[in-house]
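Data first, discussion second: the structure below is written as C-alpha cells.
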Amino acid sequence: MAWRTSAGPSTCTWPGWRGASLLGRWEYLKADGTWSADQADSARLMDGVANEYSVSRVKGGYVLITHDTTEILSSKIVAYTSCTPYGPFSNKTTVYTTPETGGNIFTYNAHAHPEIAGPGLVVSYNVNSFVNTDHYRDVTIYRPRFLDLAFE
C-alpha cells in the first residue's frame, strides 16, 4: 500500500500487486470507486488527514491514524475506520489529545506502529516549538512521544 501526496495529503493509491514485490503494475482508486492504471485518474478520498499518517489492520478492519487537520495546529490525534485499507474511512474519533500543544509548542506526525508488539496499537507523534531557543531551555521538547491505543 502506498499513499500518494502529489495531489494532496489525503489522496490514496493502492498497488495492484500479487505476491511480495511492489515493482509490478500499480492501480489507482478513482472517485467512482473503480481502479485505473493511470495515476492522473486518482481522486482525493477525504479531507482532514495530515501529511503523515498510517493505516493498520486492527481486529478484522482497518484504522487510519492521523493528526486532525480540520483544526489549525490541532492537539487531537484521530482515528477513522474502514473495512478495506483504501477506505472509505468514517467514524472519526479523537483517540488522544496531546497535552504538550499550546503557546509555542505544537505536535504533529501521528502514526501507528503495528510492527511493535503490545496489548494495543502503538502510536507515536512528534513535539516541536516555533521558537528554536526553546529546545535549548528544555531538551525534552523535541522528541517523539508514544502511546498504546486499545480497540474494543
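For clarity, every value in this text was computed on a predicted model and none was experimentally measured.
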Please find the pair of heavy atoms, one from [X] and one from [Y], that lie closest to each other, and give the distance.
| X | Y | answer |
| --- | --- | --- |
| Ser129 | Asp134 | OG-OD2, 2.6 Å |
| Ala112 | Ser56 | CB-OG, 3.6 Å |
| Tyr28 | Ala37 | CE1-O, 3.8 Å |
| Asp38 | Ser36 | N-OG, 3.0 Å |
| Ser82 | Gly87 | OG-CA, 3.3 Å |
| Pro85 | Phe89 | O-CZ, 3.6 Å |

Mark yes or no for whether [X], through its side chain, and [Y], through its backbone, hold a donor-acceptor pair below 3.5 Å.
| X | Y | answer |
| --- | --- | --- |
| Asn126 | Thr107 | no |
| Ser54 | His111 | no |
| Thr93 | Val95 | no |
| Ser74 | Thr69 | no |
| Thr70 | Asp68 | no |
| Thr66 | Ala50 | yes |
| Arg145 | Arg143 | yes |

Indicate, with yes or no, if [Y] and [X] share a hydrophobic cluster defined by side-chain heavy-atom contacts under 4.5 Å among Ile, Leu, Val, Met, Phe, Trp and Tyr.
| X | Y | value |
| --- | --- | --- |
| Leu147 | Leu64 | no |
| Val63 | Tyr125 | yes |
| Phe151 | Ile77 | yes |
| Val49 | Tyr62 | yes |
| Tyr53 | Met46 | yes |

Just verifying a value: how many Å separate [X] [atom1] and [Y] [atom2], rounded to the nearest 0.5 Å?
| X | Y | atom1 | atom2 | result |
| --- | --- | --- | --- | --- |
| Tyr142 | Asn128 | OH | CG | 5.5 Å |
| Arg137 | Asn132 | CZ | CG | 10.0 Å |
| Glu100 | Thr140 | CD | OG1 | 9.0 Å |
| Thr101 | Lys76 | OG1 | NZ | 11.5 Å |
| Leu73 | Thr98 | CG | OG1 | 10.5 Å |
| Arg57 | Thr84 | CZ | OG1 | 10.5 Å |

### Message
Taking the side chain as everything from C-beta on, heavy atoms only, tell me whether Ser124 gets closer than 4.5 Å to His113.
### Response
yes
### Query
For Tyr136, what residues pass the ring-ring contact (aromatic ring centres under 6.0 Å, His included) criterion, not counting sequence neighbours?
none
### Task
For Asp32 and Thr34, test the side chains for any donor-to-acceptor distance below 3.5 angstrom and give the result as yes or no.
yes
### Task
Check the pair Asn91 / Tyr80 against side-chain contact (heavy atoms from CB on, under 4.5 Å), numbers first and verdict last.
CA-CA 5 Å; Asn91 303 319; Tyr80 297 86; over 6 Å; no
